[in-house]
Amino acid sequence: MDSIKHFSLLFFIFITVFSCNTSINNSKTIQNNSQSIEMKKEQVINLLVGTYTGEASKGIYQFKFNPNTGELNQKNLVAESENPSFLTISQDRNLVLAVNETDSGTISSFKWDEGRTKLNLIDQRPSAGMHPCHIVINPSQNLVAAANYSSGNSIVYPINAEGKIFDKAQMKQHEGSGPVKPNQDAPRAHFAAFSATGTYLYIVDLGIDKVMSYPVNSSGELGDPQVALQLDKGDGPRHLVFHPDKDLVYIVNELSNTVVVAQVDKITGLFKRLDKKSTLPDGFSGKSFCADIHISQDGKFLYASNRGHNSIAIFKVLENGHLELLGTEGVQGEWPRNFAISPNGKHVLVANQNTNNITVFDVNSKTGLLHYTGKQVELDRPVCLKF
C-alpha cells in the first residue's frame, strides 16, 4: 500500500513538472512567434516613387518593401502632383520635396499625415525655370536647391522643418552650349548636390559639359560660380555621386556613356579628373544614354544605368578610386531612368520608364554583381525611387 502511495506521489510530481515545462515551452513558442511577427513588420520599409503623370499615373506613390526578401507590394497613391519626376526626403523623414517637371516648373513640399499614409501639400514655389528635374536639401536642412533642365539654371530657397518654403530665391543662370545637337543647344542643368559640409553647391550641366560650384556661406547665401570640373566636349554630364569615405566624386555622362572619376578638393570645392570609363560592353554599337549613378555603402562598387542598352553597368572601385568595369546586367525593362540601392545594400531596384515596371535585383556583397530576383511591380512611367 505504501509503495502504491509512493508511486502515485512520484507520478503526480512528474505530471506537474511536465505540465510546467510544457506551459513554459508553449509560452516561449508564443513569445517567439510574436517576436517573429514583430520582426517581419519591422523589416518592411517604405519606397517612394516619382512618376510622369497625365496618363495612368497621378503623382507620388508608396510601396512596401522587405529589404531582406526583396518583396515589393501594396501600391498606394500618397500625393497627387503633376510630373513629380524627382524626390528628396528630409533627414527626419517628415518632409518630402518634389520637382514638378513642367514648362512653368514648380517645387512642392509635402508633410506626412499622422498615419504616414498620405502626403499633405505644405508649400509650392516657382522653380524659376523650365522642366526642373532634380531637387536636394542641404545638410543643415534649411536650404532646398533645384536644377531646371530646359532653361539651364538653378534655384535655391530657404526652408524650415515644417516644409515652409520662404520667398527669398537665389537663381543662378548658366551660359554656353556644347557640340552635340540638339541636346547641347543651350545650358541644361540636370543635377544639384551639396557638399557634405554644405559649404558648396554643385550643379551638373549637361548642355555645357561642366560641373559648376557655388560657395555657400553660413547665412545660406551663394557666392560667385566656379567651374568645378570641365568634362570632355560632348560628354553631357548628368548626375554625380560622392565616395562615402574618400575625397572622390563620380560623374555619369549621358551622351558619351561614361563615368569620370575626380579628386575633390574640400577647401576650394574644385575637382581634379583621375579616370574615365565606358558604361557599355565592348562591341555594342546601338544608341544608349546614361541616366543615374550610385555607389555601395562600403564604397567598393559603383553602378550606372544605361537607357537604350537597358542595363546597369557594374564597376569595381579600385584602391586608388579608379574603376574596373565588371559587366552589365539587363534591367528586365526599358529605359532605366533611375534606380536605388536598398538601405541594407542587399538589393537594387530599377525604375523602367518605358515599360512601366520596377524590377528588383539581389546584390552579391562580395562581387558587386546583380541577379534578377523575378520580383517586379507595375506602375505607369516610374522615374524616381527614394527610400
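Bear in mind the structure is a predicted one, so any value in this text is a computation, not a measurement.
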Transitive ILVMFWY side-chain link Leu349 to Tyr61, under 4.5 Å: yes
Pairwise side-chain contact, Phe110 with Ser81, heavy-atom cut-off 4.5 Å (strictly under): yes
Asn148 and Ser154 side chains, donor-acceptor separation under 3.5 Å: no
Expected output: side-chain Asp247 to main-chain Gln263 donor-acceptor under 3.5 Å: no
Charged N-O contact under 4.0 Å between Lys164 and Asp123: yes
Co-membership, hydrophobic cluster, residues Tyr52 and Leu379, 4.5 Å side-chain: no
Asn306/Ser288 under side chain to side chain donor-acceptor pair (under 3.5 Å): CA gap, chis, key distance, verdict: CA-CA 6 Å; Asn306 292 311; Ser288 195; 4.5 Å; no
Heavy-atom closest contact (Pro132 atom, Val99 atom, distance): O-CG2, 3.5 Å
Sub-4.5 Å side-chain heavy-atom contact between Ile251 and Leu229: yes
Donor-acceptor under 3.5 Å (Tyr157 side chain, Pro126 main chain): yes
Asn153-Ser151 side chain donor-acceptor pair, cut-off 3.5 Å: yes
Whether Ser57 side chain and Gly59 backbone form a donor-acceptor pair below 3.5 Å: no
Partner set under side-chain hydrogen bond (donor to acceptor under 3.5 Å, both in side chains) for Asn338, not counting sequence neighbours: Asp292
Test item: Gln141 side-chain N/O and Gln91 main-chain N/O as donor-acceptor pair under 3.5 Å: yes
Leu370 and Ile312: CA distance, side-chain angles, deciding distance, side chain to side chain contact (heavy atoms under 4.5 Å, CB included) verdict: CA-CA 9 Å; Leu370 306 180; Ile312 300 294; 3.9 Å; yes
Leu325 side chain reached by Ile314 side chain, heavy atoms, under 4.5 Å: no
Glu378, CD atom: more than 12 neighbouring heavy atoms under 6.0 Å: no
Sidechain N-carboxylate O distance under 4.0 Å for Asp265, Lys272: no
Inter-residue atom distance Leu274.CG - Asn320.CG, 0.5 Å rounding: 8.0 Å
Criterion side chain to side chain donor-acceptor pair (under 3.5 Å) on Asn253 and Asn257, from CA distance to verdict: CA-CA 6 Å; Asn253 295 311; Asn257 297 293; over 6 Å; no
Non-hydrogen side-chain atoms of Arg93 and Arg116 separated by less than 4.5 Å: yes
Pairing of Asp235 and Lys233 as salt bridge, 4.0 angstrom limit: no
Side-chain donor-acceptor pair present, Asn357, Thr355, cut-off under 3.5 Å: yes
Short side-chain to backbone donor-acceptor contact, Ser140 and Asn142, under 3.5 Å: no
Whether over 12 other heavy atoms sit under 6.0 Å from Lys58 NZ: no
Under 3.5 Å donor-acceptor, Arg273 side chain and Val261 backbone: no
CD1 on Ile295 to CG on Leu240, rounded to 0.5 Å: 12.0 Å
Non-hydrogen atoms of Gly269 and Ala228 that approach each other most closely: O-CB, 3.8 Å
Exam field: side chain Asp113 to backbone Asn120, donor-acceptor pair closer than 3.5 Å: no
Joint hydrophobic cluster, Leu201 plus Leu270, side-chain heavy atoms closer than 4.5 Å: no
Between CD on residue Gln62 and NZ on residue Lys386, distance to nearest 0.5 Å: 15.5 Å
Note, Ile60 side chain near Leu77 side chain (heavy atom, < 4.5 Å): no
Tyr200 side chain to Thr268 backbone, donor-acceptor under 3.5 Å: yes
Phe86-His134 aromatic ring centre distance below 6.0 Å: yes
Joint cluster assignment, Phe65 & Ile358, ILVMFWY side-chain distance < 4.5 Å: yes
Minimum side-chain heavy-atom gap Leu231-Val211 below 4.5 Å: yes
Pair Gln376-Asn352, side-chain donor/acceptor within less than 3.5 Å: no
His371 and Phe361 aromatic centres sub-6.0 Å: no
Qualifying residue, where the test is ring pair (Phe, Tyr, Trp, His ring centres under 6.0 Å) with His239 and the options are Phe339, Tyr202, Tyr250, Phe191: Phe191
Reported CG-to-CG distance for the pair Asp92 and Leu95, which is rounded to 0.5 angstrom: 6.0 Å
Thr359 vs Gln332, side chain to side chain donor-acceptor pair (under 3.5 Å): CA-CA, chis, key distance, verdict: CA-CA 7 Å; Thr359 49; Gln332 307 295 318; over 6 Å; no
Salt bridge (charged side-chain N to carboxylate O under 4.0 Å, His left out) partners of residues 300-322, not counting sequence neighbours, each pair once: Lys246-Glu319, Glu254-Arg307
Arg238 side chain to Ala291 backbone, donor-acceptor under 3.5 Å: yes
Stepwise side chain to side chain donor-acceptor pair (under 3.5 Å) test for Ser108 and Asn100: CA-CA 7 Å; Ser108 303; Asn100 300 105; 2.6 Å; yes
Exercise: do His347 and Asp362 side chains pair donor with acceptor under 3.5 Å: yes
Carboxylate-amine/guanidinium contact Lys172 Asp224, below 4.0 Å: no
Atom NZ of Lys181: over 12 foreign heavy atoms under 6.0 Å: yes
Lys266 side chain near Thr197 side chain, heavy-atom distance below 4.5 Å: no
ring-ring contact (aromatic ring centres under 6.0 Å, His included) pairs, two or more places apart, involving residues 300-337: Phe284-His309
For Ile208, the option from Gln184, His174, Arg188 that meets side chain to side chain contact (heavy atoms under 4.5 Å, CB included): His174
Asn83 side chain to Thr53 side chain, donor-acceptor N/O pair below 3.5 angstrom: yes
From Ser109 atom OG to Ile165 atom CD1, the distance as rounded to the nearest 0.5 Å: 4.0 Å
Arg381 side, atom CZ; Asn354 side, atom CG - distance, nearest 0.5 Å: 9.5 Å
Any side-chain heavy-atom pair of Phe63 and Asn76 under 4.5 Å: no
Side-chain donor or acceptor of Gln124 paired with backbone N/O of Thr106 under 3.5 Å: no
Single-linkage hydrophobic cluster Phe387~Val49, side-chain heavy atoms < 4.5 angstrom: yes
